[in-house]
> 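Okay, here's the structure, questions in a sec.
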Amino acid sequence: MPNIDRIDAFADELSAIRRDLHAHPEIGFEEVRTSGIVAEKLAQWGIEVHRGLGGTGVVGVLKGKGNGTRRVGLRADMDALPMDENTNLKWRSTIPGRFHGCGHDGHTTILLGTARYLAETRNFDGTVHFIFQPAEEGLGGARAMIKDGLFEKFPCDEIYGLHNAPDLNHGELAILPGPAMAGADFFDITINGYGAHGAMPERSKDPIVIAMALVQALQSIVSRNVIPTEAAVVSITQIHAGSAYNVIPGDAKLAGTMRAFSDEVRALMRERMRAICAGMAAAFQVEIDVDIRDIFRVLVNQEEHSRVVAEAAQAVVGPANVKTRAQPKMGSEDFADMLQAVPGAYFWLGHDGSVPVHNPAFTLDDKILPVGASIFARIIETRLAAGHHA
Ligand code: NI
């Protein structure tokens, strides 16, 4: 089953765009060069361009043949990660501490390829909104665009997004209808104890001993409070306290992440975290501050739009390569916010790279570019079929 020929014909140009973006990575809300290239390409292909949504976000508007009023959104993320790249590729990052370690350079290029093909052929009836968002990596780029009026200025009846998946093979696609990626909170906990000489613990309210008890107690949220058939995780990922061998410090800080697949479970986990901290504070006669922040919503794919993705993908990569009941992922995705506002679906597309995302040696195989662009294009040509009026 084929990529779209016309897209295959400019696949080399897509690789060149992708490698240029890769060599010049920019992190969240700093995608000035990247968004400039996106805007320039879209304009060059005759697509109406709007810049500056949510900071560096870009929206391209393309109308098809006919008078159709339906509107479909396609979204890509543009940001890199604040980390060093450790590969020997010719197009490796030229900027220290900046790396497209999650393949968003590929996502941006795939959407550019889709835009070019659709602009050249316009074999659809309705409007496509190409949404290039900043700051997917935990900084809230989707929220920033939505807050800037994304869906008021560019209304969408449905919306689609994708992520590359090095754990799948080239040409394989996976999607999961329903909750597919976890909602995530980040939290900071500060234990305000009382410092003293290390030889005189009776004079202290030792925040380190309290922190150890608290870390253990917080693990009971998943094991004793959440229904065992629900997936949930509490990870304490940071502990900070102390500066000397003989000083009991005055305070200790814990930080980490909590994740689950439903808003009810997330609410329960927050409530238990606050209650356990309050109980520890009372037991040890200290104050404990808890700051829990909702960073990612649960990503929920609609049944209908998951089917649309599966059918479009089957036409491109063949039915045997499309998994329609993928494993849910405990990881999170900013696109969840857009899917809360507009129904749609998000899918994972395999490639020949095998190093996991966010690893310094991650590589994206460019052969994914025409595959992704072909699937996005087929979605548009199906959902905004020329000659139909919805
Ligand atoms: Ni990513």
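We use all heavy atoms of the structure for the numbers below, so side chains are in, but hydrogens, waters and symmetry mates are not. Note that the coordinates shown come from a computational prediction; the quantities given were computed from them, not determined experimentally.
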> Can you confirm whether the side chains of Asp289 and Asn192 place a donor and an acceptor under 3.5 Å from each other?
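The criterion, which ignores hydrogens and geometry beyond distance, is satisfied for Asn192 and Asp289.
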
> So Arg274 and Ile292, do their side chains get closer than 4.5 Å, heavy atoms only?
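Yes. Closest side-chain heavy atoms under 4.5 Å.
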
> Are more than 12 heavy atoms, taken from residues, nucleotides or ligands other than Gln327, located less than 6.0 Å from that residue's CD atom?
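No - once you tally the heavy atoms of other residues, nucleotides and ligands closer than 6.0 Å, there are 12 at most.
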
> Judged by atom type as modelled, is there a donor-acceptor pair below 3.5 Å linking the side chain of Asp77 to the main-chain atoms of Asp79?
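No, because the side chain of Asp77 does not come within donor-acceptor range (under 3.5 Å) of the backbone of Asp79.
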
> For the atom pair CZ (Phe296) and CE (Met181), what is the distance rounded to the nearest 0.5 Å?
8.5 Å

> Between Ser354 and Thr363, is any pair of side-chain heavy atoms under 4.5 Å apart?
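Answer no - side chains too far apart.
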
> Just wondering, are more than 12 heavy atoms of other shown residues or ligands nearer than 6.0 Å to CG in Asp5?
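For Asp5, atom CG is not crowded (no more than 12 foreign heavy atoms under 6.0 Å).
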
> Could you check whether any side-chain heavy atom of Cys156 comes within less than 4.5 Å of a side-chain heavy atom of Phe151, counting everything from C-beta outward?
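Sidechains of Phe151 and Cys156: in contact.
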
> Step through it carefully: locate the ring centre of Phe154, locate the ring centre of His50, and say whether they are under 6.0 Å apart.
yes

> Could you go through the salt bridge (Lys or Arg N to Asp or Glu O under 4.0 Å) check for Glu304 and Arg383 one step at a time?
CA-CA 11 Å; Glu304 179 189 351; Arg383 298 303 277 177; 2.8 Å; yes

> Could you pull out the closest heavy-atom pair between Met338 and Ile159, with the gap in Å?
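Minimum heavy-atom contact is SD-CD1, 4.0 Å.
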
> For Arg33, I'd like to know if atom CZ has over 12 heavy atoms of other residues, nucleotides or ligands within 6.0 Å.
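Yes.
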
> Checking side-chain polar atoms at under 3.5 Å, does Ser332 have a donor or acceptor matched by the opposite partner on Arg259?
yes

> Could you check whether any side-chain heavy atom of Glu85 comes within less than 4.5 Å of a side-chain heavy atom of Arg98, counting everything from C-beta outward?
no

> Applying the side-chain contact (heavy atoms from CB on, under 4.5 Å) criterion to Asp185, which one of Met273, Arg270, Met269 satisfies it?
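Result: among Met273, Arg270, Met269, Arg270 is the only option passing the side-chain contact (heavy atoms from CB on, under 4.5 Å) with Asp185.
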
> How far apart are the C-alpha atoms of Arg18 and Asp105, what are their side-chain angles, what is the distance that settles it, and do they pass the salt bridge (Lys or Arg N to Asp or Glu O under 4.0 Å) test?
CA-CA 6 Å; Arg18 209 279 296 182; Asp105 49 341; 2.9 Å; yes

> Mark yes when over 12 heavy atoms from residues, nucleotides or ligands other than Lys367 sit less than 6.0 Å from its NZ; otherwise mark no.
yes

> When you compare the side chains of His351 and Asn164, does any donor N or O come within less than 3.5 Å of an acceptor on the partner?
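Judged by distance alone, the side chains do pair up.
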
> Is Arg203 positioned over the aromatic face of Tyr194, cation under 6.0 angstrom from the ring centre and no more than 45 degrees off axis?
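Verdict for Tyr194: no cation-pi partner in Arg203.
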
> Measuring from atom CD of Gln219 to atom CG of Leu214, what distance do you get when rounded to the nearest 0.5 angstrom?
10.5 Å

> Quick one: CD on Gln238 to NE2 on His240, what's the gap to the nearest 0.5 Å?
4.0 Å

> Check for me whether Lys329 meets the cation-pi criterion with Trp348, that is, NZ or CZ under 6.0 Å from the six-membered ring centre and within 45 degrees of the ring axis.
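Yes, Lys329 sits over the ring of Trp348.
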
> For the atom pair CD1 (Ile27) and CG (Leu139), what is the distance rounded to the nearest 0.5 Å?
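Going from the CD1 atom of Ile27 to the CG atom of Leu139 covers 7.5 Å.
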
> Would you tell me whether Glu137 and His358 have side-chain atoms, one donor and one acceptor, within less than 3.5 Å of each other?
yes

> With heavy-atom distances below 4.5 Å as the criterion, would you say the side chains of Gln340 and Val342 are in contact?
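With C-beta onward as the side chain, the pair stays apart.
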
> For a quick test of your reading: what N or O donor-acceptor pairs under 3.5 Å do the side chains of residues 55-63 make, sequence neighbours left out?
from, atom 1, to, atom 2, distance (Å)
Thr56, OG1, Glu31, OE1, 2.6

> So does Glu333 pair up with Arg75, basic N to acidic O under 4.0 Å?
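So Glu333 pairs with Arg75 through a salt bridge.
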
> If you count every heavy atom of other residues, nucleotides or ligands that lies below 6.0 Å from Asn88 atom CG, does the total exceed 12?
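Check fails, neighbour count at 12 or below.
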
> Which distance, rounded to the nearest 0.5 Å, do you find between the CG of Leu218 and the CG of Asn225?
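Separation between the atoms: 10.5 Å.
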
> Would Glu136 and His107 count as having a side-chain donor-acceptor pair, cut-off 3.5 Å?
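No, no side-chain donor-acceptor contact under 3.5 Å.
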
> Count the heavy atoms belonging to other residues, nucleotides or ligands that lie under 6.0 Å from CZ of Arg224, then report whether that count exceeds 12.
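Not buried by this count: 12 neighbours or fewer within 6.0 Å.
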
> With a 4.5 Å cut-off on side-chain heavy-atom distances among I, L, V, M, F, W and Y, is there a chain of contacts connecting Leu173 to Tyr346?
no

> May I ask you to check whether over 12 heavy atoms, not counting those of Gln44, lie within 6.0 Å of atom CD?
yes

